[in-house]
Amino acid sequence: MSHVNKVDQIKEISGVNPLKCMKCGKCSASCPSFNEMDIKPHQFVSYVQNGDIESLVNSKSLWKCLSCFACVERCPRDVKPGKLIDAARQLVVREKGQTYLSPDEVPELLDPETPQQLLVSAFRRYRR
Amino acid sequence: MQELINRAKELLESGEVARVLGWKAGDLPYNPEPAYFEKAEDLKDFVYNGFCGANLSKYMIEASKLEGKTMVCLKPCDTYSFNQLIKEHRVDREKAYIVGVGCKGKLDIEKAKKLGIKGIESVSGAEMTDDCDTLTFQTIYGEKSVAYADVMLERCHVCKGKEHQVYDEIIGESKDTKDAERFAEVEKIEAMSPEEKFAYFQSELSKCIRCNACRNVCPACSCRKCVFDSTKFDSAQKANVDSFEEKMFHVIRAFHVAGRCTDCGECSRVCPQGIPLHLFNRKFIKDINEFYGEYQAGEDTDSRAPLTNYTFEDVEPSIVTERG
Amino acid sequence: MSIETNEEFRPKIVAFCCNWCSYAGADLAGSSRLAYPADVKIIRVPCSCRVNPMFILRAFEKGADGVILCGCHPGDCHYSTGNFYARRRMTLLFSMLDYIGVENGRTRVEWVSAAEGVKFSQTMNEFVEKIHSLGKNVRLGDLRCKN
Amino acid sequence: MQRIGVFVCHCGSNIAATVDVKKVVEMAAKEPGVVHAEDYQYMCSEAGQAKIAAAIKEKNLTGIVVCSCSPRMHENTFRGAAERAGLNPYMVEIANIREHCSWIHKDVEEATKKAVILARAAIAKVNLNTPLKPGESRVTKRALVIGGGIAGIQTALDIADAGYEVDIVEKTPSIGGRMSQLDKTFPTLDCSACILTPKMVEAAAHEKITIYTYSEVEKVSGFVGDFTVDIKKKARYVDANKCTGCGVCQEKCPSKKSLSEFNRGLNTRSAIYTPFAQAIPNVPVIDTEACIKMKTGKCGICSKVCQAGAVDYEQKDEIITEKYGAIVVATGFDTIKLDNYDEYAYNQSKDVITSLELERVMNAAGPTKGHLERLSDGKHPKEMVFIQCVGSRCADNRGKSYCSKICCMYTAKHAMLIRDKYPDVNVTVFYIDVRTPGKNFDEFYRRAVEDYGVNYIKGQVGKVIPQPDGKLLVQGVDLLDNKQILKEADMVVLATAIEPNPDVRKIATMLTASIDTNNFLTESHAKLRPVESPTAGVFLSGVCQGPKDIPETVAQAGAAAVKAIGLLAKDKLLTNPCTAKADELLCNGCSTCANVCPYGAISYEEKEVNDHGIRETRRIAVVNSALCQGCGACTVACPSGAMDLQGFSNRQIIAEVDAICR
């Protein structure tokens, strides 16, 4: 039951209907992080279709997506895998304590060149 | 007025016109009524003053069928109606000798009565040659003077201008009496909530006694037989319990004259119940101006009326909902 | 105020559809099994320009809660120009109804082509929902007589 | 009072499963005027129609209501049945309880209630029906074909061969269309010109065919059997009667920098030009935008070198007005603009081209004389990448929602031809699906893979990145391998979506033919009337109706011709009797109705009338029922209600409204 809810949640957060996918692969063809990912962007869609949200939230890909939205921009079917990934990430972040990034880790990651804005957006993405 | 009578006499005697359409004195000093004069001597009863509000253009529909020309006295605003009737082939321009009579604003006796003037014996200050700044009533209670503008018909406060749109000659001077915004009243209603609007119109229309005065006087309501009197729409079922006519009359009447109404204001002038009927027509005029560009019915005799015209880019009906 | 009965409000909705586009669009909605509430009853007219404002007022007076007019898209009228006239007439009529205090959601014009079964069904669903939100039409039943 | 019979159809289970037909019969029987009501399995069947006929005779029916499917489906069937039984066919009304009821509602009680109301409305209407008699109109035995591509040419040839006059109106300077731009055709690899030019010549030489090239349809009026069309013949500035087609003018023309439309802008042409060598007619036109004489008044070389004295700078556009009985639209297609697809670098690199451009590159008469070379530097490519579905099958607003249908096959063709002629070139095709339904089509595609070694990769290309060295870096995906692919290519070919010729919108509006959201003309019935437009007398040929390849186009062109011939073969057509009619006693003669009539069907007469004893001459509207098409615009414009529409009268519609709201 709970995984069904999660599928609905992902659909709701992303506003995407994964059934529109025609499996052309343009998302994966566009993805700059493709090689870093264990579940590829086009597979993301099938995972949501099949209701296997568990694998998604435990995947590396979830945190490797740069949210560059190339796939969102180019998807011919309006399926927008990037939004699905973002939604899955939200799902994790919304559960308390599931933050990917804790404030203590930040100083060592910090580079004087890092723009403030990036930090803020990283926190928004990786932490509640 | 004398100038007008002299000219009428001349035209009658020369045979150029067969009759004169003007006003004759009524039984009270403030209710002259439309009249035909066929002989020069009859013209002794001819009057023309500030109380001659009646728009004579509609009488020309019947006069056009008569033998010979008719001299008709039209005020500037009446000429719009006449033009509109030409456009609709209802009057024959060749059968009319139009004397554009001067107008300095016409009077609403009801307004005088509301100002507390009663027992009127005579009125002065409303003749063609007067300045029409002040109006003086001789009453059984003595003399009373009021500002002319305070007893003017509503329509004269939003006067369309002192120019005659069509005429053969002009006698007398006219004055532009406009001192109010034409659409101010309409805008006031538009700003109301739906509940207020509905309450307003319901209370106004509830006064209607269906006397048909508005329909009979309206130069645009010139159908040989009104839809409400024919069986074409199953709308004339006076004996039946059907009440379609009763309920929808004014809205449908306004729609039928939309784009054709010159805003002459006769409907409101003659309504015995004092319903501001012009507010329906003026709403359509305002909408037409806003949606399809400024249009004044009766300004010419050949342009296409707004409801028989279109552009590809016309607004969609949803604009009514969208503008909130 | 009388006590409301619990009976569910079932609006009466009249849909005028032009023969060439919208009626065919409604047929397509039917053959595609695209459901919309049974409250909508369609009257076939040759063209949207056949719809006299009197028909619409008549419907309201007889107890309709909503009236919708569907025609070909502007420019696609089977008779070239019919829907252009309909558009002006309805715009002015709706504006007048709004002016006299009738909820403007009760009237609607939608352009539906013969190929737009989906749009027809969607439009009807939306419209019925709108009429539900407005409830029973009480104002246009009688403009003149106070209760 | 009418004597009405009500016939409720089960339509098998189509209606009966959702609507309680017995209940509809029971309720209908109670309506005023109804003297007979029954139900039957299939009313449209012979047995069903016999039931109607029997009831008409036995019960002396004066009107009938059939509760069945849409009147658009079987109104004519039931009118025919009524007529055969001696009842005026216009005394039949249909209550649509299938498309508008049983098919969209699930709840039996609800659907039944609605069906009863729909029946009630139809009964209320038929109570007010009056017998109507159709008039007759003549058929002009001449057809117009709009568009001179293969579809238009084939349709024109077929109609002309049946013995009818045909005019072809073609917008460009020559007939031939898209097919003339193709190099080879699938699946047999014939040379396109070799099979097209004989047809072009045949059309030009046919005694029944008149070709107006460089011409456009300006205005269409009238109706089926009797259309009047204004054709604008644009000024060519060359007298077609004098020109010998020698071509000297084109050679000598000093203005040679205009992009060649025929070669898709890949090379240039002169200001005075014929689009291609086999053009028909072989008469050049002057491009006024490019012509020096036209722009500055100086030059005039073409006129000087023309021995025939055919050049005429003063030539004016000409309007030709002609009457037609049938019109066939064959306006064809173009490829979509790729401005929305920056990721493929089409606008950045000359070496990214569309498939149609590749046709020109491969063609011996094309910009590279048929040599496969990069348009940027003329080098022979080693690696070629084809990308499928560019702008097709898109649910976003960048492309088209439909499959363009021809791309899979022509890409296989291109790939095969390249591998055949240049075995040193590697060809890779990125595809989503390979769709090859058609005779010998899949075999053709398989040959490309198996015999010619074309590398088909299932997956799309995300991006094409032009490199500083002139190469194109293609970033794609192999979905079967689950790998991202980076490939250096020398040329990239985009299988660009096709769309209807943009002019079709204007033409559809003139013809009042309906058009879908993709600008394809709508056929009258998707399955049963695929070449007829819903507008009577207008037929559809070729891609203007939907994507098609050449064999399909030719087949459909023939079908459209047959339909047109079927119409032209008739001497007279029955006209719709549902026309407007003015009540002369109510008419004001105000002309408002004439102002809104799109057909000029209303005129005015001074007529003597007897209005309840008053005899007078009045100006009265008179409707020409042969011109009136029955839209009803006049009826609403008429303030007095004098103008009414037969078959859809004010009282009939109000009766329906009342019945529904009761």
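All values derive from a computational prediction rather than experimental measurement. Letters A, B, ... mirror the listed sequences (proteins, then strands); counts begin at 1.
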State, yes or no, whether a side-chain contact exists between [X] and [Y] at a heavy-atom distance under 4.5 Å.
X	Y	value
A/Cys24	D/Cys389	no
A/Val16	A/Ile10	no
D/Pro547	D/Ile498	yes
A/Glu54	A/Lys6	yes
D/Ile387	D/Val464	yes
A/Ile85	A/Leu62	yes

Pair count under 4.5 Å, heavy atoms only, with chain A: among D/Ile485, D/Val461, D/Val477, D/Val474, highest is D/Val477
Assign the ring pair D/Phe186 / D/Phe441 to parallel, tilted or perpendicular, where the plane angle (0 to 90°) is split at 30° and 60°. perpendicular
Turns out that what part of A/Cys31 lies under 4.5 Å from chain D's heavy atoms comes down to both
Between chain A and chain D, are any donor-acceptor pairs under 3.5 Å, and how far apart is each one to 0.1 Å?
unit_1: A/Lys23; atom_1: O; unit_2: D/Lys458; atom_2: NZ; d: 3.2
unit_1: A/Cys24; atom_1: O; unit_2: D/Gln460; atom_2: N; d: 2.8
unit_1: A/Lys26; atom_1: NZ; unit_2: D/Glu343; atom_2: OE2; d: 2.8
unit_1: A/Lys26; atom_1: NZ; unit_2: D/Tyr344; atom_2: OH; d: 2.7
unit_1: A/Ser28; atom_1: O; unit_2: D/Gln484; atom_2: NE2; d: 2.5
unit_1: A/Ala29; atom_1: O; unit_2: D/Gln475; atom_2: NE2; d: 2.7
unit_1: A/Cys31; atom_1: O; unit_2: D/Gln484; atom_2: NE2; d: 2.8
unit_1: A/Gln43; atom_1: OE1; unit_2: D/Asn482; atom_2: ND2; d: 3.3
unit_1: A/Arg74; atom_1: O; unit_2: D/Arg398; atom_2: NH2; d: 3.2
unit_1: A/Arg74; atom_1: NH1; unit_2: D/Gly462; atom_2: O; d: 3.0
unit_1: A/Pro76; atom_1: O; unit_2: D/Ala395; atom_2: N; d: 2.4
unit_1: A/Pro76; atom_1: O; unit_2: D/Asp396; atom_2: N; d: 3.3
unit_1: A/Arg77; atom_1: NH1; unit_2: D/Arg393; atom_2: O; d: 3.0

